[in-house]
Amino acid sequence: MIRTVLAAATLLAAGPVLAEGSRVEVNGMQMYYEVSGSGDPLVVLHGGYMNIPSMGAVIPKLAETRKVYAIEFQGHGRTTDIDRPITYPALADDVAAFMDAVELPKADVFGYSMGAIAGLQLAIRHPDKVNKLVAASVAYDAEGWQPAFREFIPQMTVEMFVDMPVFAEAYRKLAANPDGFPELVRKLIALEKEPMAWEAEVKALKTPVLIITGDADVATLEHSVALFRLLGGGVMGDMGKPLPASRLAVLPATSHTAVIGQTDLLLAVIEPFLKGETPKGMFE
């Protein structure tokens, strides 16, 4: 049962769609979420150190055709932190519990970065809740990260992120506990060091997945292609057989942090995927 402690209509700066903000108890935390638009339900999951506003224009644009449920993860944005590590299985279970709390049996899911990996775990752990998954900047194995990023992980420190205004100041503006940022950073650094090797689980997925990656993303292009092949992709079309249910889109000249800002390109691949539309070939 939903226990709403806040209901405030707020206009998202990135677009004209009105979003209704509320909180609901989920696994011991007060999870903040916003609902906007109308149509088929779509759950949106932000990246690490982010919140709903930092996802930019893509949420209100998606809300022009869908009923969007955008959530803020444990310790992020306006959602409270709890005495628990942040792990991808835990984040996925939080999303499943949220959907139960708002009486949303099943939905499409769009996740970016940490949210994309949580979405992948949601499809693995709670496949009955996911219709289609859009996973932007995703990986299923820690070996899929760019070598430069894997080398950087051991060098991460709490102080490094606390000294970054782009993260620290944005956190203080929204957080239930303005002094909680160092603890959130500690948990997210620990998340980067968690084992991640889910090839067998991914290969067993029946959920259609749209993989979106930048051509200069944190995951290697080879890893994104390997993920696509695990999901049945990478075959030749025009041979009389239907295309695979999963898809792969590579955004040109796009780094990891630039992916979420490519609103027009994102919508150009997300909308046809969710609608089940495919380009027509010469032999169709």
Does a side-chain N-to-carboxylate-O contact under 4.0 Å join Lys129 and Asp100? yes
Under the ring pair (Phe, Tyr, Trp, His ring centres under 6.0 Å) criterion, do His76 and Phe181 qualify, and how do the steps go? CA-CA 9 Å; His76 289 74; Phe181 187 62; 9.2 Å; no
May I have all residue pairs that pass salt bridge (charged side-chain N to carboxylate O under 4.0 Å, His left out) and include part of residues 132-145, sequence neighbours excluded? Glu143-Arg150
ILVMFWY network linking Leu191 to Phe167, side-chain heavy atoms under 4.5 angstrom: yes
Applying salt bridge (charged side-chain N to carboxylate O under 4.0 Å, His left out) as the test, list every pair that has at least one member in residues 189-198; sequence neighbours left out. none
For the NZ atom on Lys203, are there more than 12 heavy atoms of other groups (residues, nucleotides or ligands in this structure) within a distance under 6.0 Å? no
Geometric class of the Phe149/Phe152 ring pair [parallel <30°, tilted 30-60°, perpendicular >60°]: tilted
Would you list the pairs meeting salt bridge (charged side-chain N to carboxylate O under 4.0 Å, His left out) in which at least one residue belongs to residues 172-188, sequence neighbours left out? Asp81-Lys187, Glu183-Arg186
Anything under 3.5 Å between a donor and an acceptor, one on a side chain of residues 82-94, the other on a protein residue two or more places apart or in another chain? List them.
{"unit_1": "Arg84", "atom_1": "NE", "unit_2": "Gln74", "atom_2": "OE1", "d": "3.2"}
{"unit_1": "Arg84", "atom_1": "NH1", "unit_2": "Asp94", "atom_2": "OD1", "d": "3.1"}
{"unit_1": "Arg84", "atom_1": "NH2", "unit_2": "Gln74", "atom_2": "OE1", "d": "2.6"}
{"unit_1": "Arg84", "atom_1": "NH2", "unit_2": "Asp94", "atom_2": "OD2", "d": "2.6"}
{"unit_1": "Thr87", "atom_1": "OG1", "unit_2": "Ala90", "atom_2": "N", "d": "3.1"}
{"unit_1": "Asp93", "atom_1": "OD1", "unit_2": "Arg125", "atom_2": "NE", "d": "3.0"}
{"unit_1": "Asp93", "atom_1": "OD1", "unit_2": "His126", "atom_2": "NE2", "d": "2.8"}
{"unit_1": "Asp93", "atom_1": "OD2", "unit_2": "Arg125", "atom_2": "NH2", "d": "2.9"}
{"unit_1": "Asp94", "atom_1": "OD1", "unit_2": "Asn27", "atom_2": "ND2", "d": "2.7"}

Is it the case that the ring center of Tyr33 lies less than 6.0 angstrom away from the ring center of Phe98? yes
Donor-acceptor pairs under 3.5 Å, side chain of residues 45-53 to any protein atom, not counting sequence neighbours: which ones?
{"unit_1": "His46", "atom_1": "NE2", "unit_2": "Phe73", "atom_2": "N", "d": "3.0"}
{"unit_1": "Asn51", "atom_1": "OD1", "unit_2": "Ser54", "atom_2": "N", "d": "2.9"}
{"unit_1": "Asn51", "atom_1": "OD1", "unit_2": "Ser54", "atom_2": "OG", "d": "3.2"}

Residues 218-230 side chain polar contacts: donor-acceptor under 3.5 Å, at least two apart:
{"unit_1": "Thr220", "atom_1": "OG1", "unit_2": "His223", "atom_2": "N", "d": "3.0"}
{"unit_1": "His223", "atom_1": "NE2", "unit_2": "Tyr140", "atom_2": "N", "d": "3.1"}
{"unit_1": "Arg229", "atom_1": "NH1", "unit_2": "Gly234", "atom_2": "O", "d": "3.4"}

